[in-house]
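Treat the numbers as computed from the prediction; the structure is a model and nothing was measured.
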Amino acid sequence: MTVEKVTTVDRVADALRAEILGGGLAPGTPLREVEVATTTGVSRGSVRQAFSVLVNEGLLSRDSYRSVMVTALDEQDIREIYQARRMIELAAVEATAQADEEQLTALRQAYEEFVSAVEGGDSDEIHLADVKAHSALVAVLGSRRLSRMHSGLMGELRLAVTAQYQSPPDGAALVRGHRDFIDLITAGRTDEARAQLAARFDHSEELLVAAFRAAAREGQG
């Protein structure tokens with residue numbers, strides 16, 4: 001039996017993370033220790049530590065004056081996030097050729113949970129299940145550091161998606177992509193699985209970049 005200890009810092013970080021990723025705190029929104037401490041009823045020290053946690057995750061940023069704000073990503077950030085994802089996840093696809101049955105089972109289970117989330121229709125659940133499916137793939141590499149890095153990338157990506165997209169994701173298209181990918185992995189066709197995932201990355205990256213450009217034009221108008 002294991003008991004997970006949840007600290008005050010964890011709770012504050014979780015609450016802020018949920019607000020940011022849920023769209024309640026828009027990119028660029030400044031956060032002040034005193035205000036957050038008063039609202040949450042915790043010490044400024046705990047809030048300061050929670051800020052540090054989210055800065056490390058890329059969800060908050062500090063400027064040269066040590067002020068904290070919700071991270072505002074731009075087109076270059078999106079390009080870099082996808083570049084890093086390709087390096088990690090495409091390597092993980094190649095590693096599936098030597099994956100054991102437990103790892104493959106985790107991939108299949110994550111896919112089934114993703115399908116269930118899509119059927120439920122909740123955008124937050126769909127995103128979380130999508131992240132879990134990609135995380136299960138990265139876990140095949142057996143590197144905790146790469147998994148932590150990937151988790152940060154996915155958090156930043158969700159921040160960008162939340163800021164740009166108001167409509168729910170196309171669940172049916174996402175299910176098809178995941179299903180085809182899992183089928184290729186299960187069949188041992190890693191080269192095709194790698195090409196399929198790379199193509200999906202290309203498509204989603206360009207859609208998100210286009211959304212950023214459209215928002216920039218609208219802001220200038």
- Indicate yes or no for a side-chain donor-acceptor contact from Thr96 to the backbone of Ala99 under 3.5 Å, with no hydrogens or angles considered. no

- Message: In terms of relative ring orientation, are His134 and His150 parallel, tilted or perpendicular, with 30° and 60° separating the classes?
- Response: tilted

- Message: Quick check on Met149: does its CE atom have over 12 non-hydrogen neighbours (other residues, nucleotides or ligands) under 6.0 Å away?
- Response: no

- Using a distance-only test with no angle check, is there a side-chain donor-acceptor pair under 3.5 angstrom linking Glu192 and Gln196? no

- Message: Taking Asp191 first and then Arg194, would you say they form a salt bridge - that is, a charged N and a carboxylate O separated by under 4.0 Å?
- Response: no

- Ion pair present between Arg108 and Glu101, side-chain N to carboxylate O less than 4.0 angstrom? yes

- Message: Check whether Ser151 reaches the backbone of Ser147 with its side chain - one donor and one acceptor, N or O, closer than 3.5 Å.
- Response: no

- Query: For the side chain of Asp10 and the backbone of Thr7, is there at least one donor-acceptor N/O pair under 3.5 Å apart?
  - Reply: yes

- So, the side chain of Asn56 versus the backbone of Val53: is there a donor-acceptor pair under 3.5 Å, distance only? no

- Query: Strictly by modelled atom types, are Thr186 and Asp183 linked by a side-chain donor-acceptor pair under 3.5 Å?
  - Reply: no

- Query: Can you name the residues that form a salt bridge (Lys or Arg N to Asp or Glu O under 4.0 Å) with Arg200, not counting sequence neighbours?
  - Reply: none

- Answer yes or no: is there a donor N or O on one side and an acceptor on the other, between the side chain of Thr71 and the main chain of Gly58, under 3.5 Å? yes

- Sequence neighbours excluded - salt bridge (Lys or Arg N to Asp or Glu O under 4.0 Å) pairs with any residue from residues 38-53: Glu33-Arg44, Glu33-Arg48

- Hey, does the side chain of Glu205 reach the backbone of Asp202 with a donor-acceptor pair shorter than 3.5 angstrom? no

- Item | Side chain proximity check, Leu141 to Ile88, heavy atoms < 4.5 angstrom | yes

- Donor-acceptor contact present, side-chain Ser67 to main-chain Asp63, <3.5 Å: no

- Do any pairs count as a salt bridge (Lys or Arg N to Asp or Glu O under 4.0 Å) and have a residue in residues 140-162, sequence neighbours left out, and if so which ones? Asp124-Arg158

- Side chains of Tyr111 and Arg179: does their closest heavy-atom pair fall under 4.5 Å? yes

